[in-house]
Every structure is written in structure tokens, then in C-alpha cells.
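Right, one structure below, let's go through it.
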Amino acid sequence: MTPSQETIENVQENGELSALSYSAIIKLTHSVAYKLTMKQDNVQKKVGDFMGGKVLDLPEFKIYDQGKEEGRKEGREEGIKEGKEEGIKEGREEGRILARFEDGMPVELIATKSNVTVDYVKTVLVNNGISSL
């Protein structure tokens with residue numbers, strides 16, 4: 001491995017260079033080397049053998065893995081946000097159910113006003129320590 005190749009790999013691994021940019025640099029370097037050695041089969045074969053794995057395998061897998069990890073990260077962030085929003089919504093809904101029950105409203109009417117089932121209202125009440133149903 002040449003010093004410049006080690007440097008570019010280090011920069012890419014440190015996150016200062018995306019896998020896509022890394023791939024582009026390798027492919028462009030390969031293209032330039034090919035054009036410079038077109039008439040020298042021996043040199044062209046050695047350059048191709050040396051760079052072949054880099055061009056065909058490594059960068060594309062890195063791009064795929066990088067995209068996959070970014071997608072997972074975004075998915076986790078969205079999931080956490082949605083979970084919080086859903087938790088807040090459920091908390092408000094349960095709070096309204098409890099308040100209506102404490103005001104003396106019948107379970108069936110609470111369910112109707114809250115657009116939930118009677119069983120759900122009963123579950124909320126039981127989960128909040130109200131067992132006199």
C-alpha cells in the first residue's frame with residue numbers, strides 16, 4: 001500500500017471523507033492510470049491487479065454500509081420522536097378519562113366522549129388504582 005493510499009484511507013475512516021468521495025477518487029485514479037498505461041500492457045496489468053479490488057469491492061460496500069447506518073440512525077430518531085408524541089397523547093387521553101371519572105361521569109359516557117372502548121376506559125382506571133368499577 002502506498003503512503004498516499006494509506007492517507008486517503010485514514011481520512012475516509014476518520015469520517016473526513018465519505019465513502020462515495022473515496023470511491024470516486026479511487027475510480028478516477030484508476031481511469032488516469034489506465035489511460036497513461038494504455039500502450040504498456042505489463043504495467044497496465046500490474047496497476048489493474050493492484051487497484052482492482054479497491055475499485056470493484058471496497059468503496060461500494062462502504063457506501064452501502066454508510067447509507068444503511070445513516071438510515072438506521074434516522075429511523076431510531078424518528079421512532080423516538082414518534083414514541084414521545086404517542087406517549088404524550090396517551091397521557092393526555094388517560095388524564096381526561098381520569099378527570100371525567102372523578103367528576104362522576106359514567107364509564108360508558110367517558111368511552112363515548114373519548115372515542116375509545118369501554119374496556120379501554122376500565123383498563124385506564126384499573127391501571128391508575130381505581131378498582132371500584
Side-chain angles (χ1 to χ4, degrees):
M1 189 177 298
T2 66
S4 61
Q5 202 172 10
E6 288 177 14
T7 303
I8 195 169
E9 284 183 357
N10 290 340
V11 171
Q12 197 274 325
E13 288 173 5
N14 292 335
E16 298 171 35
L17 181 69
S18 72
L20 182 59
S21 296
Y22 176 79
S23 177
I25 291 168
I26 296 296
K27 287 183 180 190
L28 290 171
T29 302
H30 184 265
S31 177
V32 168
Y34 175 77
K35 295 214 190 264
L36 290 174
T37 62
M38 279 175 41
K39 295 181 182 175
Q40 299 168 349
D41 292 334
N42 218 11
V43 175
Q44 187 178 15
K45 181 181 178 336
K46 288 185 180 191
V47 170
D49 290 346
F50 177 75
M51 296 187 70
K54 295 278 184 202
V55 173
L56 298 177
D57 297 327
L58 191 57
E60 284 72 15
F61 289 133
K62 284 185 180 181
I63 292 168
Y64 174 78
D65 291 340
Q66 186 178 19
K68 193 171 170 183
E69 183 56 36
E70 287 175 15
R72 285 183 177 153
K73 181 180 176 186
E74 286 178 18
R76 282 190 294 270
E77 289 170 359
E78 287 177 21
I80 290 169
K81 181 181 175 187
E82 288 175 11
K84 285 179 182 178
E85 290 171 358
E86 187 65 28
I88 290 169
K89 181 182 171 187
E90 280 185 28
R92 287 183 185 147
E93 185 174 272
E94 288 184 11
R96 282 193 295 271
I97 290 170
L98 293 169
R100 288 174 175 160
F101 184 79
E102 288 171 0
D103 288 344
M105 190 179 288
V107 172
E108 292 78 11
L109 186 56
I110 295 172
T112 302
K113 287 189 173 272
S114 301
N115 291 325
V116 295
T117 66
V118 171
D119 287 338
Y120 179 76
V121 172
K122 288 179 180 179
T123 300
V124 169
L125 295 174
V126 169
N127 288 345
N128 284 280
I130 301 173
S131 59
S132 59
L133 298 176

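Nothing fancy with the numbering, it's 1 onward along the sequence.
Looking at residues two or more places apart in sequence or on another chain, you find no side chain to side chain donor-acceptor pair (under 3.5 Å) involving Arg92. In terms of the side-chain contact (heavy atoms from CB on, under 4.5 Å) criterion, residue partners of Lys84 (sequence neighbours excluded) are, by chain and number, Ile80.
Annotation: side chain of Arg96 is not in contact with side chain of Phe101 (no heavy-atom distance under 4.5 Å). Side chains of Glu86 and Glu90 form a contact here, defined as non-hydrogen atoms less than 4.5 Å apart.
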Apply side chain to side chain contact (heavy atoms under 4.5 Å, CB included) to residues Met105 and Lys113 and explain how you reach the verdict.
CA-CA 10 Å; Met105 190 179 288; Lys113 287 189 173 272; 3.8 Å; yes

As a quick check of understanding, evaluate side chain to side chain contact (heavy atoms under 4.5 Å, CB included) for Ile130 and Leu98, giving each step before the final call.
CA-CA 9 Å; Ile130 301 173; Leu98 293 169; 3.8 Å; yes

Set out, in order, the CA-CA distance, both residues' side-chain angles and the distance that settles side chain to side chain contact (heavy atoms under 4.5 Å, CB included) for Leu17 and Ile25, then state yes or no.
CA-CA 10 Å; Leu17 181 69; Ile25 291 168; 4.1 Å; yes

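Residue Val121 is tested with Thr123, Leu125, Asp119, Thr117 for a side-chain contact (heavy atoms from CB on, under 4.5 Å); the sole match is Leu125. Between Val124 and the choices Val126, Asn128, Asn127, the side-chain contact (heavy atoms from CB on, under 4.5 Å) rule is met once, by Asn128.
With rounding to the nearest 0.5 angstrom, the CD atom of Glu85 is 10.5 Å from the CD atom of Glu78.
Across every non-hydrogen atom of Ile110 and Arg100, the tightest pair is CG1-CB, 3.8 Å.
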